[in-house]
Trainee: 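Right, I'll just put the structure down here and ask away after.
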Protein chains: 2
Amino acid sequence: MAVTSENGRRTRIQQENRERILKAALDMFSRSGYRGTTLDQIAAAAGMSKPNMLYYFRTKQELYQTVLQETLDDWLTPFAKLDPQGDPASELGAYISAKLAHARINPKASRLFANEILQGAPLLEDTLKGPLKDLVETKSKAIRTWIADGKMAPVDPLHLIYMIWASTQHYADFETQMDALEGTEPGTRDKRFEGAERTLFTVLFNGLKPR
Amino acid sequence: MAVTSENGRRTRIQQENRERILKAALDMFSRSGYRGTTLDQIAAAAGMSKPNMLYYFRTKQELYQTVLQETLDDWLTPFAKLDPQGDPASELGAYISAKLAHARINPKASRLFANEILQGAPLLEDTLKGPLKDLVETKSKAIRTWIADGKMAPVDPLHLIYMIWASTQHYADFETQMDALEGTEPGTRDKRFEGAERTLFTVLFNGLKPR
DNA sequence: GACAAAGTTGACCATTTGATCAAGATTAAA
DNA sequence: TTTAATCTTGATCAAATGGTCAACTTTGTC
C-alpha cells in the first residue's frame, strides 16, 4: 500500500513526518552527499525509526530525488525573474542580491546542488539540458540586447552568468573554508555577506559599465 | 612490515605502483567523494588487486589523505606567487590565468578539493587555518597597499580573493553543468576556457580600475 | 644460481547498510 | 465503542565493503 492514497491527499501525520524527514535528509545529504549519508543517520535526525521513514519514502533514491527536486526549484526561481525590460544594473543587481540571500538563508540547498554537480549530476541531466538550458538561452539573449543597446560593456553573457553563479554560490559551498580563514565569532557571517554584496556590486558594476 | 624501508627510499616498483594508485584514487575520489568511492573501484582502475593496493597504502584514509595533500600543494602554489612588488593588473592577471589553467589541466584536483570543503573539510582544517590563512593575510596586505597607492579601486581584498577563486574554480567544479548547457562537441572545452579568461579579464580589470 | 626481500593475490572475515516483514499501536470515521 | 485504515518498530536479511592472512611469485644482490 502506498503512503499516499490514490487521491493524492495526505493526512496530518503524513504532512508532518514527510516534512521532518525531508529536512533531516537535506541536512545530511548536503553535508555528506548521497553515498556518505546513511538512512540510519537521517532517521535519527528526523527522530523516528528507519522502517518508519521507509514507510514514507520507499528507497534512499526516492528520498534523495525528492529533496533534490525541491531545492532545484528554489535555485531556478530568482534566475527566471531577471527581466529583459529593466536595465542591466538594477536587474543584475537584484539577481545578485537574491542569489546571495539564497546562499545566506539556505546554504544547504546550494551545497546539495553543488554535491550533485560534482558527482557528474546523474539525476540532474534532464533539468540541466532542458529547462535550465532554455532559461540560460533566454537570459543570454536579454543580455546581448542590453549590450547592443549600449547599456553595458560587451561581455559573453554565458560567462557573465557563470561568474555570477560562481561568486554567489561560493559563499554557501565554501563556507567552511571562509569560516576557517575568518573565524566564526558571532556576527562574522552577517558581515561576510554584507562585504560580499558590496564587493560584487563594485566590481561587476564598474566592470560592466558601458564605455 | 612497512612498504617503504626505514631510509625512506622507494624501489622502482614502489614508485610506479604508488603513482598508478594515486592517479586512480584521484580519478575516483574526485568524482565520487570519499564515501562514494570503494577500494575495489580504485584497485580495478589501478589495474591491481585490492590487497596489493593495501600493501602500498594501509587504509582508505591514508590513501585519501595522500591524494588530498598532493592536490593541495598544487592548489596553493600559484597563489603564493602573487608578487606585491608587481602591479595589480599583471599580478592578478597572471594569477587568474594560472588558476584557469589549473582548472583546465587538472579539474579533478579542484573537484577533490571542493568535495572535501563541502563535507566540512575535516582533514583540511589545519591547512586552512594555518598556511592558507597566513597566505591570505599576506596577500590581502599586498592588495591593500595597491589600493592605498591608488593602483586599483578600493575593494575588500578578502572578497576579491573569494571572487577570483570562485569564478576560476567554477570551470572545473561545475564543468558537468557547463557541458550540459553548452554541449560537448570537440573544441567546446577549449573555447570555453578562452571565453572565461577574456570575460574575467574584462570584468575584473575594468571593475578594479582606479577611479 | 641461491636466497632474502619485495611484491602479489585468492579466500576470507567483520561490519555496515539499504531494505523487508510481521506484529503491534494509534488514529479517525461511523 | 467498534473497526478499518494508518502508523510504528524490533528483528532480520542479503549485499557491499574495508581490511586481513597465508601462501605464492618475482626481483635484485651476492
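Letters go in sequence order (proteins before strands), and every chain restarts at 1.
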Trainee: Using only side-chain N and O atoms of A:Tyr55, determine if any of them is under 4.0 Å from OP1 or OP2 of D:dT8.
Mentor: no
Trainee: Please output the side-chain donor-acceptor pairs of residues 37-45 of chain A that fall under 3.5 Å, not counting sequence neighbours, one pair per line with the distance.
Mentor:
from	atom 1	to	atom 2	distance (Å)
A:Thr37	OG1	A:Met28	O	3.2
A:Thr37	OG1	A:Gly33	O	2.8
A:Thr38	OG1	A:Gln41	N	3.1
A:Asp40	OD2	A:Lys50	NZ	3.4
A:Gln41	OE1	A:Thr38	N	3.1

Trainee: Atom OH of B:Tyr56 and atom C1' of C:dA6: how far apart are they, to the nearest Å?
Mentor: 8 Å
Trainee: Sequence neighbours excluded and cut-off under 3.5 Å, please list the side-chain donor-acceptor pairs for residues 124-137 of chain A, or say none.
Mentor:
from	atom 1	to	atom 2	distance (Å)
A:Glu125	OE2	A:Lys129	NZ	2.8

Trainee: Between A:Thr199 (side chain) and A:Ala196 (backbone), is there a donor-acceptor pair under 3.5 Å?
Mentor: no
Trainee: For the residue pair B:His159 and B:Tyr162, does the interplanar ring angle fall in the parallel (under 30°), tilted (30 to 60°) or perpendicular (over 60°) class?
Mentor: perpendicular
Trainee: Tell me whether A:Lys99 forms a cation-pi arrangement with A:Trp75, defined as NZ or CZ under 6.0 Å from the six-membered ring centre and within 45 degrees of its axis.
Mentor: yes
Trainee: Below 4.5 Å, heavy atoms only, C-beta onward: do B:Leu100 and B:Ile96 meet side chain to side chain?
Mentor: yes
Trainee: For nucleotides 21-29 of chain C, give me every protein contact, N/O to N/O, under 3.5 Å, one pair per line with atom names.
Mentor:
from	atom 1	to	atom 2	distance (Å)
C:dA28	OP1	A:Arg12	NH1	3.0

Trainee: What is the distance, to the nearest angstrom, from the CZ atom on A:Arg18 to the C1' atom on D:dT6?
Mentor: 16 Å
Trainee: Give the rounded distance in Å between these two atoms: CD of B:Gln15 and P of C:dG7.
Mentor: 11 Å
Trainee: Whole angstroms only, please: what is the CZ-P distance between B:Arg58 and D:dC21?
Mentor: 13 Å
Trainee: In whole Å, I'd like the distance from the CD atom of A:Glu16 to the P atom of D:dC7.
Mentor: 11 Å
Trainee: Which residues in residues 19-34 of chain A have a heavy atom closer than 4.0 Å to any atom of DNA chain C?
Mentor: none
Trainee: Does any part of the side chain of A:Ser167, heavy atoms only, come nearer than 4.5 Å to the side chain of B:His170, both counted from C-beta?
Mentor: no
Trainee: Regarding A:Phe57, tell me which of base, sugar-phosphate or nothing describes its non-hydrogen contacts under 4.0 Å with the strands shown.
Mentor: nothing
Trainee: Please determine whether a side-chain nitrogen or oxygen atom of B:Asn52 lies at a distance below 4.0 Å from atom OP1 or OP2 of C:dT9.
Mentor: yes
Trainee: Rounded to whole angstrom units, what separation is found between the CE atom of B:Met53 and the P atom of D:dG18?
Mentor: 8 Å
Trainee: Please enumerate all protein N or O atoms sitting under 3.5 Å from an N or O of nucleotides 12-17 of chain D, with distances to 0.1 Å.
Mentor:
from	atom 1	to	atom 2	distance (Å)
D:dT17	OP1	A:Arg35	NH2	3.1

Trainee: Does a side-chain N or O from A:Asn17 land closer than 4.0 Å to OP1 or OP2 of D:dT8, or not?
Mentor: yes
Trainee: For A:Tyr34, is the NZ or CZ atom of A:Lys60 found under 6.0 angstrom from the centre of its six-membered ring and inside 45 degrees of the ring axis?
Mentor: yes
Trainee: If the condition is side-chain contact (heavy atoms from CB on, under 4.5 Å), which residues does A:Thr59 pass it with, not counting sequence neighbours?
Mentor: A:Gln61, A:Glu62
Trainee: Would you say the side chain of B:Phe79 lies within less than 4.5 Å of the side chain of B:Trp165, judging by non-hydrogen atoms?
Mentor: yes
Trainee: Please check the phosphate of D:dC7 (OP1 and OP2 only) for any side-chain N or O of A:Gln14 closer than 4.0 Å.
Mentor: yes
Trainee: Under a 4.0 Å threshold between the charged nitrogen and the carboxylate oxygen, would A:Glu175 count as salt-bridged to A:Arg189?
Mentor: yes
